[in-house]
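Each ligand, and each atom within it, is numbered from 1 in the order the structure gives. Only a predicted model underlies this, so the values are computations on that prediction, with no experimental measurement involved. The analysis underlying the following values was restricted to heavy atoms, covering all of them including side chains, and did not include hydrogens, waters or symmetry mates.
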Amino acid sequence: MNLRSAAWFGREGKAGFVHRSHSKSEGYPDDVFDGRPVIGIANSCSDLAPCNVHLRQVAEAVKRGVWERGGFPLEFPTMSLGETLVRPTAMLYRNLMAMEVEEAIRSNPLDGVVLLAGCDKTTPAQVMGAVSADLPAIVVTGGPMMNGRFRGVQVGSGTDVWRLSEDERAGEITAADLRAAESGVSRSNGHCTTMGTASTMACIVEALGLQLPGSATVPAVDAGRYKIAQLAGRRIVDMVWEDLRPSRILTRRAFENAVVVNAAIGGSTNAVIHLLAIAGRAEVPLSLEDFDALGTKVPVLVDLKPHGRFLMDDLDGAGGLPAVMQELGDLLHADAMTVTGATVGDNVAGARRWDGEVIRTRAEPLLPPGSHTAVLRGNLCPNGAVLKLSAASPSLLRHRGRALVFDSYEEYVAAADGEMPEADPRSVLVVRNAGPRGYPGMPEIGNLPLPRRLLRDGVRDMVRISDARMSGTAFGTVVLHVAPESAAGGPLGLLRTGDEIVLDVGVRALDMVVPDEELARRRRELAGAPEDGGGPGTDGLGEASAGGEPPGPTGVRGGGYVELYRRHVLQADRGADLDFLVGRRGGAVPRESY
Ligand code: FES
């Protein structure tokens with residue numbers, strides 16, 4: 001088999017000289033360049049991404065494995081995205097990171113790549129880039145932090161932050177109490193401890209077959225994390241010789257497995273968007289409806305926050321994802337190929353559940369089948385919206401109430417922190433202009449903080465609707481990802497305060513009770529057109545007119561990338577990737593310049 005890297009290091013004459021000579025300046029002996037698989041280690045370690053900062057050490061363990069197996073490891077930095085620090089939202093830059101990863105893989109003398117990721121967007125970004133480049137690739141996620149604890153109680157990332165913050169707004173704890181909890185929630189290196197987006201995506205890539213079985217749940221500070229990294233380093237060398245590329249692993253059956261696992265673990269709604277984007281890169285058909293349809297037979301087995309009680313270290317001790325997948329049995333495609341070179345069925349055959357509280361059985365699940373993701377349709381969301389059933393209040397799943405509509409998150413928060421006299425527990429809280437294009441970047445603001453006055457009255461959940469996302473650690477009866485978003489001409493932009501909204505999750509419907517003629521009139525008014533119709537604007541359903549200035553806010557002045565993003569981002573129901581990045585471009589060797 002001809003190694004791709006031979007096009008650099010295997011050349012005679014000037015070209016080979018230049019490539020080898022400069023790399024030898026790093027201190028490598030001659031024989032390293034004699035036909036060993038060159039393994040890139042794409043490292044998203046950054047001091048600005050606290051969840052990924054330990055990947056520096058993880059990379060060293062990967063290198064051990066690569067050397068052991070006769071490969072040549074070369075670590076390189078990728079862009080990184082610290083979920084808690086990047087503004088306006090890390091999601092704005094997921095596609096930029098994916099683009100950078102793809103181009104770094106293709107443009108360098110690599111035969112395979114190990115992807116080191118952890119924080120929410122870094123995992124899908126690495127995977128999207130690698131899938132488009134389609135060289136052998138294996139993921140090593142960084143693992144969760146140690147379980148949090150505060151004043152004798154176990155506390156989890158995000159979930160308990162939202163809870164404590166609402167307690168403080170309700171006057172039940174002090175600001176000093178809230179601040180004191182900070183160190184207790186985040187006790188070590190690693191990503192969020194709950195089944196938030198980072199944990200979900202770690203499980204998802206394992207379910208897809210892209211990381212070694214049992215990897216997803218091992219804590220960042222556990223010695224096992226480094227063992228996994230070393231084994232992944234060994235395995236990627238073999239994968240190069242086997243030519244085991246993402247395109248051989250990421251079939252429709254692999255995506256169905258990931259959707260089923262997402263339901264069983266009660267995973268983040270962000271996984272819906274990221275999986276749609278990864279499927280787009282892999283050229284595998286996957287739709288929003290698949291999440292609802294495939295989930296109808298899948299019970300929630302894992303009792304983790306935000307929908308349950310425990311944290312990731314507990315899931316690891318209970319047997320980790322292999323035990324969950326073993327319990328799912330015939331709900332999974334056991335014959336799906338994985339990075340091990342074996343099938344999903346082979347990988348999980350010996351898995352055991354060690355704690356029946358944390359991982360339930362299908363016979364006695366935490367939540368019955370169909371309790372996870374609901375995909376809604378209606379005149380408010382013709383291209384779909386998502387609601388996480390396991391995080392919602394059953395009493396609100398069939399609800400009729402009057403909308404309180406806000407054009408920005410900031411406007412809403414200012415109102416919610418005041419008296420907000422027009423709000424009552426039946427009100428439906430709506431924020432728009434928070435979608436991929438509108439914000440821009442589709443931030444995690446969908447779990448709107450409740451009006452302070454109602455919190456004081458004991459209200460702890462209300463129906464909330466937006467074209468935004470929400471953190472995987474969050475909870476509430478929250479309708480997310482409304483598509484098309486208001487800034488792309490979606491009907492959410494036509495809604496007005498006082499309109500009645502009907503949410504009926506049983507029949508997957510979300511509608512505003514406004515006559516069609518009135519909606520048409522509002523649309524003309526919004527477009528600045530005369531009452532007899534016509535005028536500028538978008539078609540109201542989907543992408544902005546090609547070549548025109550996209551509508552939208554923004555108040556965000558970005559550089560060239562932000563403008564590129566606003567012009568090319570797809571809607572949430574298509575994964576919010578950039579339209580020109582969808583698909584697999586492969587890893588053909590670029591032309592040489594020596
Ligand atoms: Fe990085 Fe949650 S903030 S994983």
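- Contact annotation for Cys119 and ligand 1: heavy atoms of both the backbone and the side chain come within less than 4.0 Å of the ligand.
- A side chain to side chain donor-acceptor pair (under 3.5 Å) with Thr193 is found for one member of Ser157, Ser199, Ser186 and no other, namely Ser157.
- Atoms of ligand 1 found under 4.0 Å from any heavy atom of Ala198, numbered from 1 in the order shown, are 4 (S).
- The one candidate from Asp313, Val221, Leu311 that meets the side-chain contact (heavy atoms from CB on, under 4.5 Å) condition with Met146 is Val221.
- When each atom of ligand 1 is checked for a heavy atom of Thr84 under 4.0 Å away, the hits are 3 (S).
- The two atoms that bring Pro436 and Ala572 nearest to each other are CG-N, 4.2 Å, heavy atoms only.
- Atoms of ligand 1 found under 4.0 Å from any heavy atom of Glu83, numbered from 1 in the order shown, are 3 (S).
- Side-chain atoms of Asn270 come within 3.5 Å of backbone atoms of Met470 as a donor-acceptor pair (strictly under, hydrogens ignored).
- Checking side-chain atoms of Gln571 against main-chain N and O of Glu485 turns up a donor-acceptor pair under 3.5 Å.
- The nearest N, O or S atom of Cys51 is closer to atom 1 (Fe) of ligand 1 than 2.8 Å.
- Listed by number with element, the atoms of ligand 1 under 4.0 Å from a non-hydrogen atom of His191 are 4 (S).
- Residue-level proximity to ligand 1 for Cys192 is carried by backbone and side chain together, each with a heavy atom below 4.0 angstrom.
- A distance-only check finds a donor-acceptor pair linking the side chain of Arg281 to the backbone of Leu581 [under 3.5 Å].
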